[in-house]
Amino acid sequence: MSQITVTLPDNSTRSFDSGVTPQEIAESIGSRLAQDALAAQVNGQSVDLNVPIEADAEVAILTGDSPEGHEVLLHSTAHLMAHAVKELFPDAKVTIGPAIENRFYYDFDIDGTFSYEDLVKIEEKMRELAENDHAVTRLELRRDEAVELFNEMNESYKVEIIEQIEGDDCISAYTQGDFTDLCRGPHIPLTGKIKYFKLLNTSGAYWRGNENNKMLQRIYGTAFSSKKSLNKYLNFLEEAKKRDHRKLGKELALFTFDEEVGPGLPLWLPNGTVIIDELEALAKETEDKAEYQRVRTPHLTKGSLYEKSGHLEHYQETMYPSMDVDGIEYYVKPMNCPHHHKIYAAHPKSYRDLPVRLSEYGTCYRYEKSGQLFGLMRVRSMQMNDAHIYCTPQQFKDEFLAVCKMYLYYFDIFGIDKYQLRLGLHNPEGLGGKYIDEPELWKQTEAEVRQALIEGNIDHEEISGEAAFYGPKIDVQVWSAIGKEFTLATNQVDFAIPKRFGLTFTDEGGREQTPICIHRAPLSTHERFVGFLIEHYGGDFPLWLAPIQVAVLPVSDKVIDYAKNVETALKEAGIRVQLNGQPNKVGAKIRQAELQRVNVMLVVGEKEAQDNQVALRRRFKGDLGTQSLDDVVTELKTEIETRRNTYRTN
RNA sequence: GCCUGCGUAGCUCAGUCGGUAGAGCGCUUCCUUGGUAAGGAAGAGGUCACCGGUUCAAGUCCGGUCGUAGGCUCCA
């Protein structure tokens, strides 16, 4: 028998007989590794542990600690769950059951639904099947054999999948006990390797995600290779719930919804409005520096404008129904762009006027389907941090980059470091339908955008079929505390609508030309951005954003007059202050301030009153001793004015 | 929009077998005047989401509507 050389991840090499399996390699390294091994990677390809290796190869043994190994574990646990469901509900048909980030799911076609009690039973059955330690074996079939096998089992969804698998590759299935499932693999070798798992929740899910298809029943679950990491994940889910902006929004009295007002229509309470005002102040300051001009436009507009802009054609289902005014159709506006185009068109433009940058905190209304609404993150009335930049083709790259840089400037202020920039491109099949039919312009604009990003050294990912109907766009994705993904900032290039609106400028040679338009909303909508910030900060806003910046806590009523002086001094310095004059002990007042997440507490008693001092206490830092009132005011003012983001030290 | 769960005081929640509603926090008043996360007492506060049905009797059972939660799909 010939020998082969196996290279391990630490670059060490070992010799084995040809035909050695990853399991045997793991055993030769150590019994602990052999026990923990779930699958292997051979030359970067994930494979089962019992696949013979015939030639020299790079081999990595996968345990649940690696992302790839964890994925195998999750996927195998999905199979275990399907196995359990088939035992308990023989009429259920299996469909798909992939691993997703830290979780897995499996969709079943069953009569009725899964109840919470069913979940408990399924989990029990899974434990039983795991303890039986069934071998998981791979089966390789020709297409016709596979169709026959799954037809016999009456698994029509699997047959549909097999028929759509491309290429002539053999089709694989995995069997454990009485359960066989179509699957590419790899899988763990024994069900006994699955020890720490939990089913999380159920939901409906359309077959292939298409709402015209049958609704299946989905079960989500999770699995880990140790009890510790499972508990860590479950604990993370609990902690995330505490950061949920809907919960914190209620606790901190930031916003509310009212049944009689309507779903998706938030009411901003005074505390939340403070945050919005601060964001607007930041945006105005930044946009002034970048030479934007502010404009205002109406909430209502004739339908004919949206016919011209293409919104009625491309966007109508997310617009509120029209209203009849004097026999003419009007709509509440879903976007500000057509109005801004009209402002551009109000006066003739020379190339000397460009770029024109029009900004507005414009209120828009969008009819989102009821099931889509989600706290502040997806609402039906919203205020955008919107602007449209009109420029010459020569100016385009610089303007585009300046917009991207503005995102990064904001993200730095807010300490947002987990985000992903996505460049959405058109796909040629969508031309004339989803996308404006200008193939050459698409190519040219996309190339320029890509070039601008490269020159600006801005990391991004390109996604085909994700453009706006009038041009390529950049979305900045972020994740909420509970793991939902959202588009925060957005930035779109529009080479089409300015032409439709007849927007022009006169160039150096006296010729009329059409400007390019950049749509941009770096701070998203007020609603979504505040929702995101609540979760980002976990309710502990930096001082400049905090609705209540300072709480003044008199030790007793004897010093209430001095406490009022302190309050006045802070107010005069432009600091948002709350005096707690309740007849309580100072401990109780501190507790109240802490629960409201007030970062700065000024305790004042007779000692402080004597020589104009305050005892400073800060959240996460505790008692910081007595200081002069003037010094504290100066310090706080600086912290607020510089929008410092570093006070939280834990 | 679709599937499933939930809806009781301002908030968090209890309410068993169908017999007309409870706690803690918060709020108001009074007592206490205090030194870094809860001092004490009393009081007010409810169309049990809404509409209808079953029943001698409905917070509880049934149907519908609205809202909300978790998903599917889309999006700022």
Side-chain angles (χ1 to χ4, degrees), chain A residues 105 107 112-116 200-220 241 244 246-247 250-251 253 256-264 315 317-318 334-335 364 366-379 382-386 466 468 473 475-478 482 484-492 519-529 531-532 553-560 582-595 601-608 615-619 621-626:
Chain A
Y105 67 81
D107 288 346
T113 60
F114 293 114
S115 66
Y116 177 76
L200 298 169
N201 56 307
T202 60
S203 79
Y206 297 107
W207 168 235
R208 303 197 162 207
N210 184 335
E211 63 186 333
N212 298 318
N213 289 344
K214 182 160 185 189
M215 180 153 292
L216 309 170
Q217 295 301 314
R218 174 173 298 183
I219 303 177
Y220 284 93
K241 275 187 202 161
D244 189 321
R246 294 166 298 184
K247 183 177 161 67
K250 206 182 263 183
E251 283 171 14
T256 190
F257 289 92
D258 188 290
E259 248 184 71
E260 288 191 284
V261 174
Y315 209 75
E317 61 185 40
T318 38
M335 287 181 183
C364 297
R366 296 186 187 175
Y367 179 74
E368 300 287 353
K369 287 193 257 175
S370 62
Q372 312 288 44
L373 301 175
F374 178 73
L376 288 178
M377 300 297 208
R378 181 62 75 83
V379 291
M382 68 208 80
Q383 204 170 358
M384 302 233 262
N385 170 237
D386 210 0
E466 286 294 315
K473 70 172 177 180
D475 281 340
V476 180
Q477 302 300 115
V478 294
I482 46 183
K484 265 180 183 270
E485 180 184 322
F486 287 92
T487 302
L488 199 65
T490 184
N491 176 7
Q492 295 149 17
H519 305 236
R520 44 113 277 177
L523 295 180
S524 184
T525 63
H526 289 339
E527 286 72 17
R528 184 173 290 181
F529 200 72
F532 171 76
L553 312 177
V555 170
S556 81
D557 283 357
K558 287 182 193 160
V559 288
I560 201 85
Q582 287 180 11
N584 267 328
K585 288 204 203 179
V586 74
K589 294 180 189 182
I590 286 168
R591 184 166 197 278
Q592 285 167 13
E594 289 278 354
L595 290 176
M601 289 156 263
L602 301 181
V603 176
V604 295
E606 290 179 272
K607 272 186 285 178
E608 288 77 13
L616 178 64
R617 179 194 164 94
R618 296 197 66 159
R619 199 161 142 76
K621 289 180 183 159
D623 190 350
L624 295 172
T626 302

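Labels below follow one simple rule: chain letters A, B, ... track the order of the sequence lines, proteins then strands, and each chain is numbered from 1.
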Visitor: Looking only at N and O atoms, is any donor in the side chain of A/Gln592 or the base of B/rG26 less than 3.5 Å from an acceptor on the other one?
Guide: no
Visitor: Whole Å only: how far is the CG atom of A/Asp244 from the C1' atom of B/rC11?
Guide: 16 Å
Visitor: Please determine whether a side-chain nitrogen or oxygen atom of A/Lys250 lies at a distance below 4.0 Å from atom OP1 or OP2 of B/rU12.
Guide: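 The answer is yes; a side-chain N or O of A/Lys250 sits under 4.0 Å from OP1 or OP2.
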Visitor: Using the P atom as the point on both nucleotides, what is the distance between B/rC6 and B/rG64, in whole Å?
Guide: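 Taking atom P in both B/rG64 and B/rC6, they lie 15 Å apart.
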Visitor: Could you check whether any side-chain N or O of A/Arg218 sits under 3.5 Å from a backbone N or O of A/Ser203, counting only pairs where one atom can act as donor and the other as acceptor?
Guide: no
Visitor: Ignoring hydrogens and geometry, is there a side-chain-to-backbone donor-acceptor pair from A/Arg528 to A/Thr487 under 3.5 Å?
Guide: yes
Visitor: Look through every strand shown and name the nucleotide pairing with B/rA23 as Watson-Crick or G-U wobble, where both distances are under 3.5 Å.
Guide: B/rU12
Visitor: Given B/rU36, B/rU33, B/rC3, which nucleotide is nearest the side-chain atoms of A/Thr113?
Guide: B/rC3
Visitor: Report the nucleotide, chosen from B/rC72, B/rA37, B/rA76, that has the shortest atom-to-atom distance to any side-chain atom of A/Thr525.
Guide: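 Looking only at heavy atoms from C-beta outward on A/Thr525, the closest nucleotide is B/rA76.
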Visitor: What integer distance in Å separates A/Glu608:CD from B/rU36:P?
Guide: 12 Å
Visitor: What contact category does A/Val555 fall into here, base, sugar-phosphate, or nothing, at under 4.0 angstrom with non-hydrogen atoms?
Guide: base
Visitor: With a 3.5 angstrom cut-off on both distances, give the Watson-Crick or G-U wobble partner of B/rG35, or none if there isn't one.
Guide: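 WC or wobble partner does not exist here.
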Visitor: Watson-Crick or G-U wobble partner for B/rU68, using a 3.5 Å limit on both distances?
Guide: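 Across all strands, the one nucleotide that pairs with B/rU68 is B/rG5.
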Visitor: Taking the minimum atom-to-atom distance to the side chain of A/Asp623, which one of B/rA37, B/rU36, B/rU33 wins?
Guide: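 Of all the options, the side chain of A/Asp623 is nearest to B/rU36.
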Visitor: What nucleic acid atoms does A/Ala588 come within less than 4.0 Å of, heavy atoms only: base, sugar-phosphate, or nothing?
Guide: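 It contacts sugar-phosphate atoms only.
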Visitor: Need one value for A/Gly371: base, sugar-phosphate or nothing, where a base atom within 4.0 Å counts as base even if backbone is also close, heavy atoms only.
Guide: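 It contacts base atoms.
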Visitor: Report the residue (A/Arg528 or A/Gln217) whose heavy-atom-nearest nucleotide on RNA chain B is the more 5′ of the two.
Guide: A/Gln217
Visitor: Rounded off to whole Å, could you give me the CZ-to-P distance for the A/Arg591 and B/rA38 pair?
Guide: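 In whole Å, B/rA38 P lies 7 Å from A/Arg591 CZ.
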Visitor: Apply the salt bridge (Lys or Arg N to Asp or Glu O under 4.0 Å) test between A/Asp244 and each candidate in A/Lys241, A/Arg246, A/Lys247; give the one that qualifies.
Guide: A/Arg246
Visitor: Send over the distance from A/Asn584 CG to B/rA38 C1', rounded to a whole Å.
Guide: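 Nearest whole value for this atom pair: 9 Å.
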Visitor: For the backbone of A/Gly622 and the side chain of A/Arg617, can you confirm whether one donor and one acceptor N or O come within less than 3.5 Å of each other?
Guide: no
Visitor: Please confirm whether the shortest side-chain N or O distance from A/Arg246 to OP1 or OP2 of B/rA69 is below 4.0 Å.
Guide: yes
Visitor: With sugar-phosphate meaning primed atoms plus P, OP1 and OP2, does A/Gly209 contact a base, only sugar-phosphate, or nothing at under 4.0 Å between heavy atoms?
Guide: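 Since only primed, P, OP1 and OP2 atoms lie under 4.0 Å of A/Gly209, the category is sugar-phosphate.
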Visitor: Is there a side-chain contact between A/Lys589 and A/Val603 (heavy atoms, below 4.5 Å)?
Guide: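 No; the side chains remain at least 4.5 Å from each other.
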Visitor: Which one is paired to B/rU73, where only Watson-Crick or G-U wobble pairs with both distances under 3.5 angstrom count?
Guide: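 Checking every strand shown, B/rU73 finds no partner, since no pair has both distances under 3.5 Å.
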Visitor: Regarding A/Met215, tell me which of base, sugar-phosphate or nothing describes its non-hydrogen contacts under 4.0 Å with the strands shown.
Guide: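 Contact class for A/Met215: base.
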Visitor: Touch check for A/Asp557, heavy atoms < 4.0 angstrom, all strands: base, sugar-phosphate only, or nothing?
Guide: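 Base contact.
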Visitor: Please measure how far the P atom in B/rU16 lies from the corresponding atom in B/rU73, and state the result in whole Å.
Guide: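 These two P atoms come out 40 Å apart once rounded.
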Visitor: Roughly how far apart, to the nearest Å, are B/rC61 and B/rC48 at atom P?
Guide: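 Per the computed distance, 16 Å lies between those P atoms.
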Visitor: So, the side chain of A/Glu527 versus the backbone of A/Gln383: is there a donor-acceptor pair under 3.5 Å, distance only?
Guide: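 Side chain of A/Glu527 to backbone of A/Gln383: a pair is present.
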Visitor: Under the 3.5 angstrom rule, does the side chain of A/Lys214 hit a backbone N or O of A/Trp207 as a donor-acceptor pair?
Guide: no
Visitor: In the strands shown, is B/rG52 matched to any nucleotide by a Watson-Crick or G-U wobble pair with both distances under 3.5 Å, and which?
Guide: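 When the pairing criteria are applied, B/rC62 turns out to be the nucleotide that pairs with B/rG52.
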Visitor: Atom CD of A/Glu259 to atom C1' of B/rC66: distance rounded to whole Å?
Guide: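 The answer, rounded to whole Å, is 6 Å.
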Visitor: With heavy atoms under 4.0 Å as the rule, sort A/Leu216 into base, sugar-phosphate or nothing.
Guide: nothing
Visitor: If you check the A/Ala615 side chain, which of B/rG71, B/rU4, B/rU36 turns out closest?
Guide: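 That would be B/rU36.
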Visitor: To the nearest Å, how far apart are A/Lys214 NZ and B/rU4 C1'?
Guide: 15 Å
Visitor: So which heavy atom on A/Met601 is nearest to which on A/Arg619, and how close?
Guide: CE-N, 4.0 Å
Visitor: With a non-hydrogen cut-off below 4.0 angstrom, is A/Tyr220 in contact with a base, only sugar-phosphate, or nothing?
Guide: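 Answer is sugar-phosphate: A/Tyr220 comes under 4.0 Å of backbone atoms only.
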Visitor: Can you tell which of B/rU36, B/rG70, B/rU73 lies closest to the side chain of A/Lys369?
Guide: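 My answer, after comparing the listed nucleotides, is B/rU73.
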Visitor: Once you apply the 3.5 Å cut-off to both distances, tell me the Watson-Crick or G-U wobble partner of B/rA57, or none.
Guide: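 Across any shown strand, B/rA57 pairs with none.
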Visitor: When you measure from the side-chain N and O atoms of A/Tyr367 to the phosphate of B/rC74, is any distance below 4.0 Å, counting only OP1 and OP2?
Guide: no
Visitor: Between B/rA76 and A/Gln492, is there an OP1 or OP2 to side-chain N/O distance shorter than 4.0 Å?
Guide: yes
Visitor: What is the separation between atom CE on A/Met382 and atom P on B/rC75, rounded to the nearest whole Å?
Guide: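 Rounding to the nearest Å, CE of A/Met382 and P of B/rC75 are 14 Å apart.
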Visitor: Side chains of A/His519 and A/Met335, heavy atoms from C-beta outward: is any pair under 4.5 Å?
Guide: no
Visitor: With a 3.5 Å cut-off and heavy atoms only, can you find an N or O donor on one side and an acceptor on the other between the side chain of A/Tyr206 and the base of B/rC2?
Guide: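 Counting by modelled atom types and ignoring angles, a donor-acceptor contact under 3.5 Å is found here.
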Visitor: Hunt down the Watson-Crick or G-U wobble partner of B/rA42, both distances under 3.5 Å, from any strand shown, or write none.
Guide: B/rU28
Visitor: Side chain of A/Arg366 only, heavy atoms from C-beta on: which candidate in B/rC75, B/rG67, B/rU73 is closest?
Guide: B/rC75
Visitor: Specify the residue among A/Gly264 and A/Glu317 whose closest nucleotide of RNA chain B lies further upstream toward the 5′ end.
Guide: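 This one resolves to A/Gly264.
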Visitor: Can a side chain N or O of A/Lys585 be found less than 4.0 Å away from OP1 or OP2 on B/rG35?
Guide: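 For A/Lys585, the contact criterion (side-chain N or O under 4.0 Å from OP1 or OP2 of B/rG35) is not met.
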Visitor: Can you find a side chain N or O atom of A/Gln477 that sits less than 4.0 Å from OP1 or OP2 on B/rA76?
Guide: no
Visitor: Counting only side-chain N and O atoms of A/Ser370, is one of them less than 4.0 Å from OP1 or OP2 of B/rG1?
Guide: yes
Visitor: Regarding B/rC74, can its base be found pairing with the side chain of A/Arg378 as donor and acceptor, where the two atoms are less than 3.5 Å apart?
Guide: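 A donor-acceptor contact between them is present.
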Visitor: Whole angstroms only, please: what is the CG-C1' distance between A/Asn212 and B/rC3?
Guide: 15 Å
